[in-house]
Amino acid sequence: MIDSRYPLDETHLFYLSIQLKSIMRQMLPSVEIITVSDIVPELSDMSLFLNRKFSQDFITIMPYLLNAQSSATMLHKENCIIITNKKFKNILCSLGFAEKNKIVPITIGINDNDIKMIGESIMESEQKSLTNWFPNTKKTFVCLA
């Protein structure tokens, strides 16, 4: 235990852990989320939904219009979350986007399962960022969500 001049109980440790979490959260880079679609309204809907469900402090959303933008702009991306309609998953995999990034296929009307998959992907990305900070640590970090 920690040697201190006054006793530390569970509430003190809980408060310190919240403070540490806050400091680490500020140091983490935001998770880059790329929304992919072939129509602009669907991209707008996805962006609005993500902004409403997840904090803008922790995610950065980049829309990508399929067949209108060059795929070269996305080939250099790493550790990003690509959110797209299920029908585009195979196309994105064939272009090589799945090698360095996580593709999350969703339905047009985003349901609870889709939200869960997106949230888990964000936590995995944050986990990778944390393990990059502490490469020699073998313990698993608790998610900062």
Side-chain angles (χ1 to χ4, degrees), residues 1-2 8-145:
M1 194 70 176
I2 301 172
L8 289 175
D9 62 358
E10 291 179 9
T11 57
H12 285 94
L13 293 176
F14 181 71
Y15 176 76
L16 289 172
S17 67
I18 289 174
Q19 293 302 313
L20 181 60
K21 172 185 163 182
S22 176
I23 291 168
M24 290 179 75
R25 180 66 93 170
Q26 291 173 6
M27 302 295 285
L28 279 177
S30 62
V31 175
E32 187 169 3
I33 296 179
I34 302 170
T35 55
V36 178
S37 182
D38 61 342
I39 54 175
V40 175
E42 193 172 272
L43 286 175
S44 298
D45 288 347
M46 282 191 263
S47 293
L48 287 171
F49 178 81
L50 291 169
N51 283 326
R52 197 174 66 237
K53 287 289 183 183
F54 301 99
S55 173
Q56 294 178 6
D57 295 332
F58 308 130
I59 63 170
T60 304
I61 301 170
M62 183 183 106
Y64 178 80
L65 194 58
L66 205 59
N67 297 328
Q69 292 174 266
S70 171
S71 61
T73 59
M74 283 184 40
L75 286 175
H76 71 281
K77 298 284 185 181
E78 290 184 22
N79 198 25
C80 296
I81 299 171
I82 300 173
I83 299 175
T84 187
N85 194 309
K86 290 181 179 185
K87 64 184 175 186
F88 298 125
K89 181 182 178 186
N90 292 333
I91 294 169
L92 295 174
C93 289
S94 68
L95 291 172
F97 297 146
E99 295 170 10
K100 299 177 184 177
N101 303 295
K102 169 109 183 195
I103 296 178
V104 180
I106 61 171
T107 57
I108 293 174
I110 302 173
N111 59 35
D112 291 339
N113 189 39
D114 296 336
I115 296 168
K116 182 180 174 186
M117 287 190 316
I118 293 168
E120 288 173 355
S121 299
I122 291 171
M123 285 191 286
E124 286 174 20
S125 182
E126 289 176 341
Q127 186 82 19
K128 285 180 187 176
S129 295
L130 280 173
T131 54
N132 289 339
W133 274 7
F134 306 102
N136 296 329
T137 305
K138 292 183 181 178
K139 291 183 179 179
T140 304
F141 290 99
V142 177
C143 69
L144 298 176

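- Using a 4.5 Å heavy-atom cutoff, the side chains of I118 and F54 are in contact.
- Atom-to-atom distance recorded for F97:CZ and Y64:OH is 5.0 Å, nearest 0.5 angstrom.
- N113 places no side-chain N or O within donor-acceptor distance of the main-chain N or O of K116, the cut-off being under 3.5 Å.
- In this structure, C80 SG and K102 NZ are separated by 13.5 Å, a value rounded to the nearest 0.5 Å.
- By the 4.5 Å heavy-atom criterion applied to side chains, F49 and I115 are counted as neighbours.
- Within a 6.0 Å sphere centred on CD of Q19, heavy atoms belonging to other residues, nucleotides or ligands number more than 12.
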M46 and I106: CA distance, side-chain angles, deciding distance, side chain to side chain contact (heavy atoms under 4.5 Å, CB included) verdict | CA-CA 10 Å; M46 282 191 263; I106 61 171; 3.9 Å; yes

Practice task
Tell me, with the steps shown, if N101 and L92 meet side chain to side chain contact (heavy atoms under 4.5 Å, CB included).
Solution key: CA-CA 10 Å; N101 303 295; L92 295 174; over 6 Å; no

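- When each of T84, I83, L65 is paired with V36, the side chain to side chain contact (heavy atoms under 4.5 Å, CB included) condition holds for T84 and for no other.
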Does the side chain to side chain contact (heavy atoms under 4.5 Å, CB included) test come out yes or no for D45 and I110, once each step is laid out?
CA-CA 10 Å; D45 288 347; I110 302 173; over 6 Å; no

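- The line from CG of D114 to OG1 of T107 is 4.0 Å long, rounded to the nearest 0.5 Å.
- Using a 4.5 Å cut-off on side-chain heavy atoms (C-beta onward), N85 and S37 make no contact.
- I108 CD1: 12 or fewer foreign heavy atoms inside a 6.0 Å radius.
- In terms of modelled atom types and a separation under 3.5 Å, the side chain of S17 and the main chain of F14 share a donor-acceptor contact.
- Formation of a donor-acceptor pair under 3.5 Å by the S94 side chain with backbone atoms of I91 is found in this model.
- For the atom pair L50 CG and I122 CD1, the distance stands at 7.0 Å (nearest 0.5 Å).
- Annotation: side chain of I18 is not in contact with side chain of K21 (no heavy-atom distance under 4.5 Å).
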Quiz item: Yes or no on side chain to side chain contact (heavy atoms under 4.5 Å, CB included) for I61 and N51, after CA distance, side-chain angles and deciding distance?
Solution: CA-CA 8 Å; I61 301 170; N51 283 326; 3.4 Å; yes

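- Of the possible donor and acceptor atoms, one in the side chain of S121 sits under 3.5 Å from a partner among the backbone N and O of M117.
- Rounding to the nearest 0.5 angstrom, the gap separating the CD atom in E42 from the OG atom in S47 is 11.0 Å.
- In this structure, CE in M62 is found 10.5 Å from CG in L43, a value given to the nearest 0.5 Å.
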